[in-house]
Amino acid sequence: MSGFKSDFLATLSQRGFIHQVSDERGLDELYAKESVPTYIGFDPTASSLHVGGLIQIMLLKWLQETGHKPIALMGGGTGMVGDPSFKDEARKLMTLDTIQSNIDGIQQVFSKYLKFGGDKSDALIVNNADWLAPINYLEFLRDVGQHFSVNRMLSFDSVKLRLEREQSLSFLEFNYMILQAYDFVELNKRYGVRVQMGGSDQWGNIVNGIDLGHRMGTPQLYAITTPLLTTSSGVKMGKSLGGAVWLNADMLAPYGFWQYWRNTEDADVGRFLKLYTMMPLDEIERLASLGGAEINEAKKILATEITAMLHGREAALEAEETARKTFEEGALADNLPSIEVSTSELKSGLGVLALFVQAGLCATNSEARRQVKGGGVRVNDKTVSDERATLTDADLTDGVIKLSLGKKKHVLVRPI
RNA sequence: GGAAGAGUGCCCGAGUGGUUAAAGGGGACGGACUGUAAAUCCGUUGACUCAGUCUACGUUGGUUCGAAUCCAACCUCUUCCA
């Protein structure tokens, strides 16, 4: 499997990115021979990508690194339809405004990883609304629709779940795969794209595009998919300490992002270093083989390297330092997440419960109350046992009050 | 258009007149053990000014002392028929 000639596929294969490839040999030759425009589609379902999408970004990064042209496709058009693949029910339709603002949010992240410009291997961001929106329905049916067999589409695993659960699959959603297939062909015409990459759940959609290409006379197209990433204990990537792990800094601060990686399971360290950092493989080998508590050092490197790529080295080191202070020294670290409270309010006393809610550590007063009962609430590192306790400026330590929920979640209260 | 069935808490899923804020499981959160890991064990898991009150079983009405449970209409979905 690893006898790849092209730098790109060899790298992907060594680092564990590959789940399936269509026509390995042919694709390998293509990548070895010339610079190949390759694309990945991103659905604008939220205003930021989360860690789940990071692997796709790394794919584009390596692509560029090995001399090929990465194209990030924003699903401005397909987002109006919604991908039914492996979903057990239909998503709510998004408004055009939402889609556009999501695209604006998602796009930001690419400049952190890719080089844009006019060169051959410079990255490109395109939006499929550009060609999908103006489509004439009848023409499209005749030109494209005639090439699709409904019988075959119904046989795809990606829609089986839906059908088996006897949930409705609307005609609208059913069209998603046709549109995505058409994207592939269109991108070939516009930019000479030959390869589409994506998560393993996209295999069916991608192959549809390849087939459509055959029928519409494109050169041979190819597919590469990445494995569905779960942690070693089988949990899907992307949840941490209560929230999704967003890539945009305004949705998850670098410290929170760093923490997510710091808490990686032992068994995942090597795998994640290969996938999410660009460190040389022998170094990764060494780090991953650390045993016992020593592996924590590897986790820190993992966290810092990944955070540095996304948020910059400085922010990553700052996050590392903040974590070191709070967890290893038990000291007060300045850069923990914080909330502000007016000095006068603090003087007159604020209830712990309300404060924890305000800090976002608990969703409701009731939850805060439960946490107090369960012994999970601490103020300035002292467990709170009285749910009616109030905090005043007398509780300020070094000018702040430290609220903690559990062992890992800390928020500072700053008077202003 | 006709017929049959379904709609329960974050998710799955019990529950067919009262002791049901609703069994069970999953997930999530907290605690213990550790290494800010995993596994394991324990606890919590509608809201509130928690003594008590309020809001909840597709929606709106109705029957009843009392409804997630019965009735009516409506909405959505599924299957079969036209």
Side-chain angles (χ1 to χ4, degrees), chain A residues 84 86-93 159 161-173 230-245 255-273 287-304 307 319-331 333 336-337 349-354 356-357 359-379 381 383-390 403-411:
Chain A
F86 298 98
K87 306 259 168 44
D88 58 4
E89 60 184 38
R91 274 178 181 281
K92 276 224 285 288
L93 283 181
V159 300
L161 178 69
R162 239 345 214 295
L163 300 174
E164 276 166 11
R165 291 198 65 198
E166 303 196 335
Q167 293 283 322
S168 111
L169 175 69
S170 70
F171 182 66
L172 173 79
E173 295 174 277
T230 60
T231 66
S232 287
S233 38
V235 180
K236 231 192 258 176
M237 298 278 299
K239 282 277 167 58
S240 93
L241 304 180
V245 184
Y255 170 74
F257 187 76
W258 192 91
Q259 277 295 313
Y260 173 74
W261 296 104
R262 170 62 183 82
N263 284 296
T264 296
E265 292 175 27
D266 289 6
D268 291 327
V269 171
R271 201 157 54 103
F272 288 178
L273 280 167
L287 288 172
S289 65
L290 292 173
E294 284 193 335
I295 194 137
N296 283 329
E297 293 311 309
K299 290 185 192 178
K300 287 182 210 165
I301 293 171
L302 174 74
T304 301
T307 308
E320 183 173 4
E321 177 61 11
T322 300
R324 196 185 61 75
K325 274 191 191 155
T326 63
F327 290 100
E328 292 177 28
E329 291 180 9
L336 287 171
L350 289 165
V352 230
L353 302 184
F356 270 74
V357 171
L361 290 168
C362 297
T364 61
N365 278 15
S366 295
E367 190 195 330
R369 203 182 320 263
R370 267 184 248 122
Q371 293 293 5
V372 169
K373 280 183 192 149
V377 168
R378 279 169 301 136
V379 171
D381 296 315
T383 304
V384 174
S385 53
D386 178 11
E387 59 186 52
R388 265 171 300 210
T390 53
L403 308 180
S404 311
L405 180 67
K407 277 175 290 200
K408 296 184 192 172
K409 289 181 249 184
H410 309 281
V411 171

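Reminder, nothing fancy here: chain letters follow the sequence lines and each chain counts from 1. Bear in mind the structure is a predicted one, so any value in this text is a computation, not a measurement.
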**Q.** Side chain A/Lys299, main chain A/Thr264, donor-acceptor under 3.5 Å
**A.** yes

Q) Quick one: A/Arg271 CZ to B/A37 P, roughly how many Å, whole number? A) 18 Å

Q.
How close do A/Gly270 and A/Ala288 get, counting heavy atoms only, and between which atoms?
A. CA-CB, 3.6 Å

Set out, line by line, the N/O atom pairs under 3.5 Å between protein and nucleotides 9-11 of chain B.
none

(Q) Is it the case that the side chain of A/Glu367 and the backbone of A/Ala363 share a donor-acceptor pair, with hydrogens and angles ignored and the cut-off at 3.5 Å? (A) yes

Q) Would you find a donor on one side and an acceptor on the other, under 3.5 Å apart, between the side chain of A/Thr307 and the backbone of A/Thr304? A) no

Q.
Taking the P atom in each of B/U40 and B/U20, what is the distance between them to the nearest angstrom?
A. 32 Å

Q) Distance between the P atoms of B/A72 and B/G13, in whole angstroms? A) 26 Å

Q. So which nucleotide does B/C48 pair with, by the Watson-Crick or G-U wobble rule with both distances under 3.5 Å?
A. B/G52

Q. Counting side-chain heavy atoms from C-beta on, which of B/G30, B/U36, B/A37 comes nearest to A/Trp258?
A. B/U36

(Q) Under 4.0 Å, heavy atoms only, any strand: does A/Thr264 hit a base, just the sugar-phosphate, or nothing? (A) sugar-phosphate

Q) On a whole-Å scale, what distance lies between the P atoms belonging to B/U69 and B/G61? A) 15 Å

Q. Should A/Val352 and A/Val372 count as side-chain neighbours, where that means a heavy-atom distance under 4.5 Å?
A. no

Q. Taking atom C1' of B/A38 as reference, at what distance in whole Å does atom CD of A/Glu265 sit?
A. 6 Å

Q: Provide the distance between the two P atoms, one in B/U55 and one in B/A6, to the nearest whole Å.
A: 30 Å

Q) Should B/A37 form a Watson-Crick or G-U wobble pair with both distances under 3.5 Å, which nucleotide is its partner? A) none

Q.
Give me the distance, rounded to whole Å, that separates B/C12 from B/U34 when you measure between the C1' atoms they each carry.
A. 33 Å

Q) Would you say B/C29 has OP1 or OP2 under 4.0 Å from some side-chain N or O of A/Lys407? A) no

**Q.** 4.5 Å side-chain heavy-atom contact, A/Asn263 and A/Lys408
**A.** yes

(Q) When the C1' atoms of B/A67 and B/U8 are compared, how many Å lie between them, rounded to an integer? (A) 14 Å

Just the table, please: protein N/O against nucleotides 50-54 of chain B N/O, every pair under 3.5 Å.
residue : atom : partner  : partner atom : Å
B/C50   : OP2  : A/Arg369 : NH1          : 3.2
B/C50   : N4   : A/Arg369 : NE           : 2.9

Q: For A/Gln371 and for A/Asn296, find the nucleotide of RNA chain B with the closest heavy atom, then tell me which residue's nucleotide is more 5'.
A: A/Gln371

(Q) Please report the distance separating the P of B/U76 from the corresponding atom of B/A82, rounded so that it comes out in whole Å. (A) 24 Å

Q: For A/Lys408 and B/A38, give me the distance from atom NZ to atom P, rounded to whole Å.
A: 6 Å

Q: State, to 0.1 Å, how close A/Phe356 and A/Arg378 come at their nearest heavy-atom pair, and which atoms those are.
A: CZ-O, 3.5 Å

Q | First encountered from the 5' end of RNA chain B, between A/Lys300 and A/Ala363 | A | A/Lys300

Q: Apply side chain to side chain contact (heavy atoms under 4.5 Å, CB included) to A/Asn296 and A/Arg262, showing your working.
A: CA-CA 8 Å; A/Asn296 283 329; A/Arg262 170 62 183 82; 3.5 Å; yes

Q) Out of A/Val384, A/Val377, A/Leu353, which one pairs with A/Gln371 under the side chain to side chain contact (heavy atoms under 4.5 Å, CB included) rule? A) A/Val377

Q. Considering every strand shown, what is the Watson-Crick or G-U wobble mate of B/U64 when both distances are under 3.5 Å?
A. none

Q: With C1' as the reference atom in both, quote the distance from B/G58 to B/G5 in angstrom, rounded to an integer.
A: 15 Å

Q: Tell which nucleotide pairs with B/A21, taking only Watson-Crick or G-U wobble pairs whose two distances are both under 3.5 angstrom.
A: none

Q.
If I take atom CZ from residue A/Arg388 and atom OG1 from residue A/Thr390, how far apart are they, to the nearest 0.5 angstrom?
A. 11.5 Å

Q) For B/A82, which nucleotide is its Watson-Crick or G-U wobble mate, given both distances must be under 3.5 Å? A) none

Q: Using atom OH of A/Tyr260 as one end and atom C1' of B/U36 as the other, report the distance to the nearest whole Å.
A: 15 Å

Q: If B/U69 has a Watson-Crick or G-U wobble mate with both distances under 3.5 Å, name it; if not, just say none.
A: none

Q) Once you round to the nearest 0.5 Å, how far does CG of A/Asn365 lie from CZ of A/Arg370? A) 11.0 Å

Q: Would you mind reading off the distance between A/Asp381 atom CG and B/U36 atom C1', rounded to a whole angstrom?
A: 14 Å

Q: Specify the separation, in whole Å, of atom CG of A/Leu405 and atom P of B/U36.
A: 18 Å

(Q) As an exercise, state the distance from NE2 of A/His410 to OG1 of A/Thr326, rounded to the nearest 0.5 Å. (A) 5.0 Å

Q. Between atom CD in A/Glu297 and atom P in B/U36, what is the gap in whole Å?
A. 11 Å

Q. So what's B/U76 paired with, Watson-Crick or G-U wobble, going by both distances under 3.5 Å?
A. B/A6

Q: Calculate the interatomic distance between A/Asn263 atom CG and B/A38 atom P; express it in whole Å.
A: 8 Å

Q: Measure from the side chain of A/Ile295, starting at C-beta and using heavy atoms only, and say which of B/A37, B/U36, B/G35 lies closest.
A: B/G35

